[in-house]
Amino acid sequence: MKVKRWNWISATILFFPIFWLACMGPAINDIPEYLRAYKIIPLTVSDLAIYLSTMDSGQGFAIIEWLIKLVFGNNLTAFRVIIAIIHSVPVILIFKKYSESYWVTMYLFVASATHIGWMMNGLRQFIAVVMILAVLPLMIKKKHIPVLIVVLLASTIHISALFMIPIVFIVQGSAGNKKTMGFIALAIVVMFILSKNPALADMFLEGTEYEGALTEMQRMGDDGVNPIRVLVSVVPVFLAFLQRKRIEREENRVIHICVNMSVITVGLNLVAMVTSGILMGRMAIYTSLYSFIIMPYLIRNAFTKDSQKLVNILMIVLYFIYYCFEMGVL
């Protein structure tokens with residue numbers, strides 16, 4: 001089936017309110033801390049080198065801040081605008097290119113609170129996320145070396161990007177292949193082990209900037225990812241399972257990779273459910289964006305043309321309820 005894609009103008013216009021909120025909205029969540037850090041970035045190369053030497057990670061992000069400051073000085077609005085542009089362009093590019101229904105994909109992006117949770121909170125990590133998202137075309141073509149180079153560059157922005165090195169290989173192959181299902185099996189085993197001994201997770205973080213973070217976050221009341229988020233992440237995987245024969249026949253590498261990314265998202269959320277929603281839960285952002293791409297495809301193929309409208313309406317309503325849960329309204 002030939003799908004009509006949105007043009008650049010309409011795709012950008014639809015995304016513009018999200019961009020505007022990200023750069024002109026209230027300074028909430030971690031934004032004040034980012035603004036404070038931006039103010040103290042030195043201007044000279046020698047001072048920057050000293051500043052970078054004091055950092056355990058995130059030097060790439062500091063360099064981005066320095067470049068923005070060279071041009072715009074201490075203009076905090078300019079800083080937020082440039083970061084929002086860096087976030088927005090890859091999202092628009094990839095969603096427009098690969099989603100069968102751009103507006104549905106964008107709705108899922110918003111209804112999952114990704115724009116608030118990341119474009120207005122985890123600014124640094126989301127740059128790493130969209131850098132890797134931007135090389136999806138290379139992933140599809142199995143150009144592993146350029147993809148790994150981008151992942152390594154992204155890790156200078158946020159060290160958690162290194163997690164994607166094995167993932168770019170695991171997601172290759174058919175949807176639900178042995179590698180991805182093995183990941184789910186491993187995630188379930190880890191979930192049960194960590195649910196009995198949460199402090200064990202801290203052993204794997206020794207020597208990193210997150211050493212001791214899991215235990216401390218749990219002490220402060222972080223009881224893991226909401227089970228509702230886990231159930232929501234299962235939806236595209238369940239629909240893909242129902243259509244596994246069709247997906248195998250079509251041999252569409254975009255669909256196969258996105259389904260496998262969705263399977264990994266479920267595994268990450270399962271682990272995060274029994275550990276830390278703040279620390280472990282944030283890892284799923286690297287893979288969850290791909291489920292937004294395939295949802296329109298899965299809905300089109302799982303339901304008749306007449307029932308698709310009803311399904312889309314139900315999806316809008318249920319995701320809105322989910323958004324309310326994420327925002328603490330319900």
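With contacts defined as side-chain heavy-atom distances shorter than 4.5 Å, the pair F72/T77 does not qualify. Contact annotation: the side chain of V130 approaches that of V91 to within less than 4.5 Å [non-hydrogen atoms, C-beta and beyond]. Looking at I92 and M106, their side chains never come closer than 4.5 Å, going by heavy atoms from C-beta outward. Taking the side chain as every heavy atom from C-beta outward, I82 and I86 approach each other to under 4.5 Å. When side chains are defined from C-beta on, V232 counts as touching Y319, because their heavy atoms get closer than 4.5 Å. Taking the side chain as every heavy atom from C-beta outward, I116 and M327 approach each other to under 4.5 Å. Residues M295 and V235 are in side-chain contact: their nearest non-hydrogen atoms beyond the backbone lie under 4.5 Å apart. M261 has its side chain out of reach of L289: every pair of non-hydrogen atoms, C-beta onward, lies at least 4.5 Å apart.
Nearest heavy atoms, L148 versus I165: CD2-CG2, 4.0 Å. Residue Q243 comes nearest to A302 through the heavy atom pair NE2-CB, 3.2 Å, listed as atom of the first residue, atom of the second, then distance. Of all non-hydrogen atoms in A161 and I132, the two that sit nearest each other are CB-CD1, 4.2 Å. Residues L268 and M283 approach most closely at CD1-O, 3.8 Å, considering heavy atoms. Between V150 and M131, the shortest heavy-atom distance links the atoms CG1-O, 3.5 Å. Of all non-hydrogen atoms in V147 and M139, the two that sit nearest each other are CG2-N, 3.8 Å.
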Does the pair Y51 and E65 meet the rule for a side chain to side chain donor-acceptor pair (under 3.5 Å), with working shown? CA-CA 12 Å; Y51 181 79; E65 291 178 300; 5.2 Å; no
Evaluate the side-chain contact (heavy atoms from CB on, under 4.5 Å) criterion for residues T304 and Q308: first the C-alpha distance (whole Å), next the side-chain angles of each, then the deciding distance (0.1 Å), finally the verdict. CA-CA 6 Å; T304 64; Q308 283 174 30; over 6 Å; no
Between V263 and T287, is the side-chain contact (heavy atoms from CB on, under 4.5 Å) condition met? List the steps. CA-CA 9 Å; V263 171; T287 55; over 6 Å; no
Between H87 and V129, is a side-chain contact (heavy atoms from CB on, under 4.5 Å) present by the stated rule, with each step listed? CA-CA 9 Å; H87 288 160; V129 170; over 6 Å; no
How far apart are the C-alpha atoms of E33 and R36, what are their side-chain angles, what is the distance that settles it, and do they pass the salt bridge (charged side-chain N to carboxylate O under 4.0 Å, His left out) test? CA-CA 5 Å; E33 182 61 26; R36 185 201 64 78; 2.7 Å; yes
Test side-chain contact (heavy atoms from CB on, under 4.5 Å) on N7 and K96; report intermediate values, then the result. CA-CA 8 Å; N7 60 49; K96 184 187 91 65; over 6 Å; no
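By the 4.0 Å N-to-carboxylate-O rule, R229 lies close enough to E326 to be salt-bridged with it.
No more than 12 heavy atoms of other residues, nucleotides or ligands shown are found within 6.0 angstrom of CD1 on I9. Within 6.0 Å of CH2 in W20 there are 12 or fewer heavy atoms belonging to other residues, nucleotides or ligands. More than 12 heavy atoms of other residues, nucleotides or ligands lie within 6.0 Å of CZ in F163, so this atom counts as buried by the packing criterion.
Side-chain N or O atoms of R5 include one that pairs as donor or acceptor with a backbone N or O of S99 at under 3.5 Å. Panel note: side chain S10, backbone W6; no donor-acceptor pair is recorded below 3.5 Å. Not one N or O on the side chain of R253 forms a donor-acceptor pair closer than 3.5 Å with the backbone of K141. Although no hydrogens or angles enter the test, the distance criterion places a donor-acceptor pair under 3.5 Å between the side chain of N29 and the main chain of M120. Under the 3.5 Å distance criterion, the side-chain polar atoms of N269 are left unmatched by any main-chain donor or acceptor of V230. Remark: the backbone N or O of S174 is paired with a side-chain donor or acceptor of N260 at under 3.5 angstrom. Within the 3.5 Å criterion, the main-chain N or O of I18 finds no donor-acceptor partner in the side chain of H115. Put simply, the side chain of W66 gets close to the backbone of L43: a donor and an acceptor are under 3.5 Å apart. Remark: the backbone N or O of F109 is paired with a side-chain donor or acceptor of S112 at under 3.5 angstrom.
Neither L52 nor I50 shares a network with the other; the hydrophobic side chains, linked directly or stepwise wherever heavy atoms of I, L, V, M, F, W or Y lie under 4.5 Å apart, form separate groups for each. L133 and I159 fall within a single hydrophobic cluster, where Ile, Leu, Val, Met, Phe, Trp and Tyr side chains are chained together by heavy-atom contacts under 4.5 Å. Hydrophobic clustering, with ILVMFWY side chains joined whenever heavy atoms are under 4.5 angstrom apart, groups V317 together with V311. The cluster map of Ile, Leu, Val, Met, Phe, Trp and Tyr, joined by side-chain heavy atoms under 4.5 Å apart, puts V81 and L70 in different clusters. In the hydrophobic cluster analysis, where Ile, Leu, Val, Met, Phe, Trp and Tyr join through side-chain heavy atoms closer than 4.5 angstrom, L314 is grouped apart from F303.
Separating the CD1 atom in I247 from the CZ atom in F241 is a distance of 11.0 Å, to the nearest 0.5 Å. Rounded to the nearest 0.5 angstrom, I313 CD1 and L318 CG are separated by 11.5 Å. Distance OG1/T114 to CZ/F126: 6.5 Å, rounded to 0.5 Å. Rounded to the nearest 0.5 Å, atoms CG (L239) and CG (L298) are 5.5 Å apart. Residue I293 holds its CD1 atom at 11.0 Å from CG of L108, rounded to the nearest 0.5 Å. For the atom pair OG1 (T54) and CD (Q59), the distance works out to 8.5 Å, reported to the nearest 0.5 Å.
For H158 and F61, the ring centers sit 6.0 Å or farther from each other.
Between the side chains of T265 and Y286, no donor-acceptor pair of N or O atoms lies under 3.5 Å. Counted by atom type alone, S291 and S262 present zero donor-acceptor pairs between their side chains at under 3.5 Å.
Figure legend: K69 and Y38 shown as a cation-pi pair, the cationic atom lying under 6.0 angstrom from the six-membered ring centre and within 45 degrees of its axis.
Put simply, the residue from I255, N301, N252 that forms a side-chain contact (heavy atoms from CB on, under 4.5 Å) with R246 is N301. A side-chain contact (heavy atoms from CB on, under 4.5 Å) with Y107 is found for one member of F320, Y102, F292 and no other, namely F320.
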